[in-house]
K.L.:
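Right, I'll just put the structure down here and ask away after.
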Amino acid sequence: MVRAGLSTERLVRAGAELADEVGFEQATVSALARRFDVKVASLYSHLKNSQDLKTRIALLALEELADRAAEALAGRAGKDALIAFADVYRDYARAHPGRYAATRHPLDPEATAASAGGRHAQMTRAILRGYDLPEPDQTHAVRLLGSVFHGYVSLETAGGFSHSAPDSQESWTRILDALDSLLRDWPTP
């Protein structure tokens with residue numbers, strides 16, 4: 001018998017909230033059952049297991065992040081688009097640390113195809129069109145941006161920049177300025 005009020009969507013959203021509160025790795029079916037004060041077995045009509053929950057949280061997080069990025073990019077180009085895109089990632093990671101961690105969760109090919117991951121790549125490439133980079137340089141630049149955004153956000157959310165001046169916002173602004181400059185004057189091999 002399915003408990004009234006429980007649905008896969010509600011459980012995944014609650015799992016995402018749980019991930020933000022206690023960490024993505026601790027977002028399990030057991031923890032979710034405790035949150036709803038139900039037996040673990042009662043959730044199996046909605047979720048296969050904790051891996052299924054984590055995959056669904058990852059898909060939700062990728063979708064939320066893509067929606068926010070698309071909204072932030074609307075009408076922007078060049079450096080403005082680069083900054084808006086980067087700020088969306090940073091703001092999302094700071095507001096939703098568990099969900100942000102979920103965006104890095106490995107997905108199987110079927111889940112990857114169903115995810116908003118492709119939208120993220122398309123938006124990054126759209127930003128880079130403003131810098132007129134040919135292939136394979138555009139792919140290198142996509143990887144650079146992803147590495148810088150994720151690396152900075154990961155270090156910052158772990159407290160890595162809280163011990164020294166200048167403020168991390170100042171560094172973030174300078175880094176984005178440097179990325180813009182690099183993209184405008186991309187080195188040739």
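Quick note: numbers below take in every heavy atom, side chains included, and nothing from hydrogens, waters or symmetry partners.
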K.L.:
What are the two closest non-hydrogen atoms of Leu176 and Ala86, and how far apart are they?
P.N.:
CD2-CB, 3.6 Å
K.L.:
Provide the closest heavy-atom pair for Leu107 versus Ser115 in the form atom of the first, atom of the second, distance.
P.N.:
CD1-CB, 4.1 Å
K.L.:
Hey, quick one: are Val22 and Val29 part of the same hydrophobic cluster, counting side-chain heavy atoms closer than 4.5 Å, chains of contacts allowed?
P.N.:
no
K.L.:
If Ile, Leu, Val, Met, Phe, Trp and Tyr residues are connected whenever their side-chain heavy atoms lie under 4.5 Å apart, and connections chain through other members, are Ile83 and Met123 in the same group?
P.N.:
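Yes.
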K.L.:
Side chains of Val142 and Leu128: closer than 4.5 Å at any heavy-atom pair?
P.N.:
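Side chain of Val142 against side chain of Leu128, heavy atoms only: contact under 4.5 Å found.
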K.L.:
Determine yes or no for a side-chain-to-main-chain donor-acceptor pair under 3.5 angstrom, with Asp52 supplying the side chain and Leu47 the backbone.
P.N.:
no
K.L.:
So how far is it from Leu179 CG to Arg174 CZ, rounded to the nearest 0.5 Å?
P.N.:
12.5 Å
K.L.:
Residues in side chain to side chain contact (heavy atoms under 4.5 Å, CB included) with Asp91, at least two apart?
P.N.:
Asp87, Arg94
K.L.:
Atom CG of Leu155 and atom OG of Ser162: how far apart are they, to the nearest 0.5 Å?
P.N.:
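Answer for the CG-OG pair, Leu155 versus Ser162, is 11.0 Å.
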K.L.:
Nearest heavy-atom pair of Gln26 and Ala31: which atoms, and what distance?
P.N.:
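Here Gln26 and Ala31 meet closest at O-CB, 3.7 Å.
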K.L.:
Output side-chain donor-acceptor pairs under 3.5 Å for residues 57-65, partner residues at least two apart or in another chain, one line each.
P.N.:
unit_1: Glu63; atom_1: OE2; unit_2: Arg119; atom_2: NH1; d: 3.0
unit_1: Glu64; atom_1: OE1; unit_2: Tyr92; atom_2: OH; d: 2.6
unit_1: Glu64; atom_1: OE1; unit_2: Arg99; atom_2: NH1; d: 3.1
unit_1: Glu64; atom_1: OE2; unit_2: Arg99; atom_2: NH1; d: 2.8

K.L.:
If the threshold is 4.0 Å, N to carboxylate O, is there a salt bridge linking Glu21 and Arg35?
P.N.:
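Result for this pair is yes, salt bridge flagged.
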K.L.:
Provide the closest heavy-atom pair for Leu145 versus Leu183 in the form atom of the first, atom of the second, distance.
P.N.:
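For Leu145 versus Leu183, the nearest heavy atoms are CD2-CD1, 4.2 Å.
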K.L.:
With no hydrogens and no angle check, just 3.5 Å: does a side-chain donor-acceptor pair link Thr139 and Arg125?
P.N.:
yes
K.L.:
What ring pair (Phe, Tyr, Trp, His ring centres under 6.0 Å) pairs are there with at least one residue in residues 102-145, not counting sequence neighbours?
P.N.:
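Every pair satisfying ring pair (Phe, Tyr, Trp, His ring centres under 6.0 Å) with a residue in residues 102-145: Phe24-His105, Tyr89-His120.
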K.L.:
Determine the minimum heavy-atom distance between Val153 and Ala93, stating which atoms define it.
P.N.:
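The answer is CG1-CB, 3.0 Å.
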K.L.:
Quick one: does Leu144's side chain get under 4.5 Å of Leu182's, heavy atoms only?
P.N.:
yes
K.L.:
As an exercise, state the distance from OG1 of Thr188 to CG of Asp137, rounded to the nearest 0.5 Å.
P.N.:
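It is 8.5 Å, given to the nearest 0.5 Å.
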K.L.:
Does anything in residues 145-157 pair up under salt bridge (charged side-chain N to carboxylate O under 4.0 Å, His left out), and if so which pairs, sequence neighbours excluded?
P.N.:
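Of all non-adjacent pairs touching residues 145-157, those that pass salt bridge (charged side-chain N to carboxylate O under 4.0 Å, His left out) are Arg90-Glu156.
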K.L.:
Counting only N and O atoms by type, is there a donor-acceptor contact under 3.5 Å from the side chain of Ser154 to the main-chain atoms of Gly151?
P.N.:
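Not a single qualifying donor-acceptor pair exists.
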K.L.:
What distance separates Asp20 CG from Tyr100 OH, expressed to the nearest 0.5 Å?
P.N.:
13.5 Å
K.L.:
Between His150 and Arg104, do the side chains contain a donor N or O and an acceptor N or O under 3.5 Å apart?
P.N.:
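Yes, because at least one side-chain N or O of Arg104 sits under 3.5 Å from a partner of the opposite role on His150.
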K.L.:
Can you name the closest pair of heavy atoms from Ala72 and Ala84 and give their distance?
P.N.:
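Looking at all heavy atoms of both residues, the shortest contact is O-CB, 3.7 Å.
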K.L.:
Tell me, which pairs form a side chain to side chain donor-acceptor pair (under 3.5 Å) where one or both residues lie in residues 72-84, sequence neighbours left out?
P.N.:
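The answer is Lys79-Asp177.
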K.L.:
Could you give all pairs that pass the ring pair (Phe, Tyr, Trp, His ring centres under 6.0 Å) test and reach residues 167-189, with sequence neighbours left out?
P.N.:
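The answer is Tyr152-Trp172.
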K.L.:
Would you compute the distance between atom NZ of Lys54 and atom CG of Asn49 and round it to the nearest 0.5 angstrom?
P.N.:
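Nearest 0.5 Å value for the NZ-CG distance: 10.0 Å.
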K.L.:
Hydrophobic clusters here meaning ILVMFWY residues chained together by side-chain heavy-atom distances under 4.5 Å, can you tell me if Leu18 and Leu6 are in one?
P.N.:
no
K.L.:
Taking atom CD of Glu135 as the centre, does the number of heavy atoms from other residues, nucleotides or ligands within less than 6.0 Å exceed 12?
P.N.:
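Yes.
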K.L.:
Working to the nearest 0.5 Å, report the span between OG1 of Thr28 and CD of Gln51.
P.N.:
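Taking OG1 in Thr28 and CD in Gln51, the distance rounds to 12.0 Å.
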